[in-house]
Amino acid sequence: MTDWKLPWSASCICGQVKMRISAPPLIAMACHCRGCQKLTGGAYSLTLMHPGDGFEVLEGQTELGALHRAEAQHHYCTRCKSWLYTTAPGLRGMVNVRPAMLDDASWVAPYVESYVSEKLPGVVTGAKHSFAQFPPPERYGELMAGFAKEGARPA
Ligand SMILES: [Zn+2]
Ligand SMILES: [Zn+2]
């Protein structure tokens, strides 16, 4: 259960931005917070957290959008405005990739869900671990170890 079938290709909905992922994700999360609801226009956001050196934009132009705050940079396609990935000083070189952009997202399942305190009615993600807000920082090591062992992989 260690074959991640890397590298993965990803693109925005218009195809202008093409990305490649060459390192396994450290965790798969769903976030139900009100901010993620507004960012996605959906019930929750899905995230795969990858080491920054395992992620590259191969072609196309990206720009910052959403909150324009120092604590989180949301990167978008300049043409179709798809939300592609997020970087932040607090992520320490990690990149939060939106797995919907993957050419094959059929296997993606969240291992952890956050902000269930703001979850919309009827939403079920199947995540093994649920937190009212974000997991406390001291839990991430254990959650990442669990994900490395039993998190969903490409079929
Ligand atoms: Zn959120
Ligand atoms: Zn695009």
Side-chain angles (χ1 to χ4, degrees), residues 7-22 24-52 54-144 146-147 151-152:
W8 304 336
S9 300
S11 62
C12 59
I13 195 171
C14 83
Q16 190 223 177
V17 176
K18 301 208 185 310
M19 298 160 283
R20 178 166 60 203
I21 289 141
S22 55
L26 301 174
I27 201 143
M29 291 186 63
C31 183
H32 300 276
C33 83
R34 291 285 299 135
C36 284
Q37 292 172 20
K38 293 198 179 205
L39 281 164
T40 60
Y44 57 87
S45 69
L46 270 179
T47 293
L48 291 175
M49 184 190 288
H50 290 271
F55 171 81
E56 44 183 331
V57 174
L58 297 177
E59 55 180 89
Q61 296 292 317
T62 65
E63 64 184 357
L64 296 179
L67 294 172
H68 298 267
R69 284 188 198 145
E71 59 266 30
Q73 289 82 48
H74 301 93
H75 300 257
Y76 290 78
C77 169
T78 55
R79 184 163 179 270
C80 68
K81 315 299 184 187
S82 298
W83 179 26
L84 307 170
Y85 61 97
T86 302
T87 53
L91 287 173
R92 298 177 200 178
M94 304 292 167
V95 178
N96 279 345
V97 178
R98 309 265 71 82
M101 304 303 151
L102 295 174
D103 288 359
D104 176 16
S106 64
W107 58 272
V108 177
Y111 185 69
V112 173
E113 60 184 348
S114 56
Y115 273 90
V116 295
S117 55
E118 300 182 1
K119 189 166 75 67
L120 295 182
V123 174
V124 177
T125 69
K128 182 165 185 179
H129 302 276
S130 295
F131 294 88
Q133 296 182 324
F134 286 122
E138 67 271 16
R139 297 284 310 272
Y140 274 93
E142 155 211 336
L143 293 169
M144 286 176 178
F147 176 75

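Keep in mind that the numbers below use all heavy atoms, side chains included, and drop hydrogens, waters and symmetry copies. Every number for a ligand or one of its atoms is a count from 1 in the order of the listing.
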Please list, in chain and residue-number order, the protein N/O/S atoms closer than 2.8 Å to the Zn ion (ligand 2).
-> Cys12 SG, Cys14 SG, Cys77 SG, Cys80 SG

Quick one: are the ring centres of Tyr44 and His32 less than 6.0 Å apart?
-> yes

Is the Phe55 to Tyr85 ring centre distance short of 6.0 Å?
-> yes

Is it the case that Ser114 and Gln133 place a side-chain donor and acceptor less than 3.5 Å from each other?
-> no

Any side-chain donor paired with an acceptor under 3.5 Å for Thr87 and His75?
-> yes

Validation: residues 62-70 side-chain donor-acceptor distances under 3.5 Å, sequence neighbours left out:
from, atom 1, to, atom 2, distance (Å)
Glu63, OE2, Lys81, NZ, 2.9

Verify salt bridge (charged side-chain N to carboxylate O under 4.0 Å, His left out) between Arg20 and Glu56, making sure each step is shown before the conclusion.
-> CA-CA 5 Å; Arg20 178 166 60 203; Glu56 44 183 331; 2.9 Å; yes

Please confirm if an N, O or S atom belonging to His32, backbone or side chain, lies less than 2.8 Å from the Zn ion (ligand 1).
-> no

